[in-house]
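Reminder, nothing fancy here: chain letters follow the sequence lines and each chain counts from 1.
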2 protein chains.
Amino acid sequence: MKSEQSPDLMTIREMCDAYDVTPRTLRFYEAKELLFPQRMGTKRLFTRRDRARLKLILRGKRFGFSLEDIRQTLDLYDRDGSDTAQRQRACELAYERLAVMEAQRAELDVAIAELKAELAHAKDKGLVPSHAA
Amino acid sequence: MKSEQSPDLMTIREMCDAYDVTPRTLRFYEAKELLFPQRMGTKRLFTRRDRARLKLILRGKRFGFSLEDIRQTLDLYDRDGSDTAQRQRACELAYERLAVMEAQRAELDVAIAELKAELAHAKDKGLVPSHAA
DNA sequence: AGAGTGATTGACGTTAACGTCAGCGTAACG
DNA sequence: CGTTACGCTGACGTTAACGTCAATCACTCT
């Protein structure tokens, strides 16, 4: 009984242009059950939900999570799927991910500080040009 | 019995125990020129410098950098190697890495906030057990 | 109807980062 | 002095995350 139908459907090409990924990547994510595009005949049509998931996937990747890690927590963000078992499991996993991410944040601060210090040291020796790119 | 000759030199097994990696990993890193252990006959002996580098390697990996990315910036941390060309290149790369890491931290903050919000939402629906880390 | 253009489905190739296994060397223990 | 235990060197296997290519459809334009 899902009546929540989003009118904004995007083709695979529109998705690729919008999110800078290849068709292969989107099909791969579908095969791995991270995305669930509708079909118009044989062609894929990506929904608003697919786009939300894709953003989370790409973000997760940037943080170094595997696609499988990501897949297991994506359900948490599904506002509609009221299936308790799936979502509750996703919640537990999300707590672990959260801890990992906060630890990562802390370590990142340290690493940034150290890197800055090292660059400052190098600068003292006059080894660094005056630009930062 | 174990001979602890110098505190500056560690065997491969001591390294594995200390940093929770396998011998294969350390040999692999050497092959990829990220580590440069000395040799006692045929056996590897890892120096203080190797350990410093290994820590940076493992940290870099946690942030999602590739070994090649890491290798190119490791020279920056070598206090002794006063070779200007190598170090200056490392500095430039380090500036880019720094930008990436700061962007990553910013995005991480957003992601953490969103995840917390989503977990709070789930909690409202009573889907979450009463523990939190 | 024929020619393009673009999407789809296998199927195989590729890269990074190791794992695993075989075969050999050697240093120490009993 | 034999044998266990660990280390070394290839060499091949593995997994994740796609890339690439060929053959097949589907739709559009002329």
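- When DNA chain D is scanned in the 5' to 3' direction for atoms under 4.0 Å from non-hydrogen atoms of chain A, the outermost contacting nucleotides are D:dA17 to D:dA26.
- Each of A:Glu14 and B:Tyr29 was matched to the nucleotide of DNA chain C holding its nearest heavy atom; the match closer to the 5' end belongs to A:Glu14.
- Regarding contacts with the backbone of C:dA7, a side-chain N or O of A:Arg13 is found under 4.0 angstrom from either OP1 or OP2.
- Distance B:Arg44 CZ to C:dG25 P: 17 Å, rounded to the nearest Å.
- The backbone N or O of A:Asp69 lies less than 3.5 Å from no partner atom in the side chain of A:Gln72, so there is not a single donor-acceptor pair.
- Look at CZ on A:Arg24: it is 17 Å from C1' on C:dG6, rounded to the nearest Å.
- Under the 3.5 Å distance criterion, the side-chain polar atoms of B:Arg53 are matched with a main-chain donor or acceptor of B:Leu34.
- B:Lys61 comes within 4.0 angstrom of sugar-phosphate atoms only, judged by non-hydrogen atoms across all strands, and of no base.
- In terms of heavy atoms, A:Thr73 sits closest to A:Ala94 at CG2-N, 4.1 Å.
- Between A:Phe28 atom CZ and C:dT9 atom C1' there is a gap of 16 Å when expressed in whole angstrom units.
- Checking the phosphate oxygens (OP1, OP2) of C:dT8, a side-chain nitrogen or oxygen of A:Arg27 falls inside 4.0 Å.
- Atom pair A:Leu26:CG and C:dG6:C1' shows a separation of 15 Å (rounding to whole Å applied).
- Checking each of B:Leu9, B:Asp50, B:Asp8 against B:Leu45 for a side-chain contact (heavy atoms from CB on, under 4.5 Å) leaves exactly one that passes, namely B:Leu9.
- Atom-to-atom distance recorded for A:Lys32:NZ and A:Glu68:CD is 8.0 Å, nearest 0.5 angstrom.
- One atom, CD of A:Glu30, and another, P of C:dA7, lie 15 Å apart when rounded to the nearest Å.
- In this structure, CE of A:Met40 is placed 10 Å from P of C:dT8, rounded to the nearest angstrom.
- Atom-to-atom, CD1 of A:Ile12 to C1' of C:dT8 comes out at 9 Å; the value is rounded to the nearest Å.
- Looking at A:Arg62, its side chain never comes within 3.5 Å of a backbone N or O of B:Gln104 through a donor-acceptor pair.
- Among the protein residues, A:Thr11 comes within range of no part of the nucleic acid, since none of its heavy atoms lies under 4.0 Å from any strand.
- Note that OH of B:Tyr95 is 9.0 Å distant from CG of A:Leu115, once rounded to the nearest 0.5 Å.
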